[in-house]
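In what follows, a structure is listed as structure tokens, so that the remarks can point back to it.
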Protein chains: 2
Amino acid sequence: MTTSTGGRLLTPGEVASLFRVDPKTVTRWATAGRIGSIRTPGGHRRFREAEVNQLLAELTTDAERP
Amino acid sequence: MTTSTGGRLLTPGEVASLFRVDPKTVTRWATAGRIGSIRTPGGHRRFREAEVNQLLAELTTDAERP
DNA sequence: TTCCATTCGGGTAATTGGGGGA
DNA sequence: GATGTCCCAATTACCCGAATGG
């Protein structure tokens, strides 16, 4: 069962601060499937810290993907 | 067998940590009927771990692709 | 019994979601 | 093609005092 990573979750505002973008942009990333997200029963999104950090690392590494 | 779902019970604070929300928010979910809850004789709420985990799984959008 | 963190209630700010357009 | 900003409705977060749990 690898469904629950058990890692900490971040709010859209926290992720937006890390990337220095608007929270709406983070929402678009989630909608486009670029980043996994968990929804509360009320519809608000939460993001996995580990996944966010990995995405941040890829950006700062200037990694290129085909 | 048993009609009692003998799963572990979680406190509002524990459920709140799993979803990264305020314990009061979990209380609203219970009031709105979005999640089943048990009340102690004193009025405090308890939640079934199995139901919480299933809810987490349903609301999780995994985008992990190695 | 006392002690202390947690969870009741309510009420009021702050975020978030979704659509649309610059 | 991807972001930021404006609108409004819904959801969530923080405030308090009082009660419960272990």
* Between atom CZ in A:Phe47 and atom P in C:dT15, what is the gap in whole Å? ->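 It works out to 16 Å between those atoms.
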* **Whole-Å gap separating C1' (C:dT6) and CG (B:Leu10)** =>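 These atoms are roughly 15 Å apart.
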* Complement of C:dA22, any strand, by Watson-Crick or G-U distances under 3.5 angstrom ->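 D:dT3 is the nucleotide pairing with C:dA22.
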* Between atom CZ of A:Phe47 and atom OG1 of B:Thr61, what is the distance when rounded to the nearest 0.5 Å? ->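 Rounded to the nearest 0.5 Å, the CZ-OG1 separation comes to 10.0 Å.
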* Kindly compute the distance separating CG (A:Leu56) from CD (A:Glu49), expressed to the nearest 0.5 Å. =>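 Going from CG on A:Leu56 over to CD on A:Glu49, the span is 10.5 Å.
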* Asked: Which letters describe nucleotides 9-20 of chain D, given B = protein heavy atom under 4.0 Å from base, S = only from sugar-phosphate, - = neither?
  -> --BBBBB----B
* Asked: Can B:Arg48 and B:Ile38 be said to form a side chain to side chain contact (heavy atoms under 4.5 Å, CB included), step by step?
  -> CA-CA 8 Å; B:Arg48 300 194 181 281; B:Ile38 307 294; 3.6 Å; yes
Table please: side-chain donor-acceptor pairs of residues 16-28 of chain B below 3.5 Å, with sequence neighbours left out.
| residue | atom | partner | partner atom | Å |
| --- | --- | --- | --- | --- |
| B:Ser17 | OG | B:Gly13 | O | 3.0 |
| B:Arg20 | NE | A:Leu9 | O | 3.1 |
| B:Arg20 | NH2 | A:Glu14 | OE1 | 3.2 |
| B:Arg20 | NH2 | A:Glu14 | OE2 | 2.6 |
| B:Asp22 | OD2 | B:Lys24 | N | 2.9 |
| B:Thr25 | OG1 | B:Arg28 | NH1 | 3.2 |
| B:Thr27 | OG1 | B:Pro23 | O | 3.4 |

* **Under the salt bridge (charged side-chain N to carboxylate O under 4.0 Å, His left out) test, residues paired with B:Glu51 that sit two or more places apart** =>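 So B:Glu51 forms no salt bridge (charged side-chain N to carboxylate O under 4.0 Å, His left out) with any residue.
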* **Residues A:Val52, A:Arg8; criterion side chain to side chain contact (heavy atoms under 4.5 Å, CB included); working and verdict** => CA-CA 11 Å; A:Val52 172; A:Arg8 287 198 308 267; over 6 Å; no
* Please, which pairs that meet salt bridge (Lys or Arg N to Asp or Glu O under 4.0 Å) have at least one residue in residues 31-46 of chain B, sequence neighbours excluded? ->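 Every candidate salt bridge (Lys or Arg N to Asp or Glu O under 4.0 Å) pair involving residues 31-46 of chain B fails, so no pair, neighbours aside, qualifies.
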Provide a list of protein-nucleic acid N or O atom pairs under 3.5 angstrom, restricted to nucleotides 2-5 of chain C.
none

* To do: Please round to 10 degrees the angle between the axis of the first five pairs and the axis of the last five pairs in the helix from C:dC3-D:dG22 to C:dG19-D:dC6.
  =>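 It works out to 60° between the end axes.
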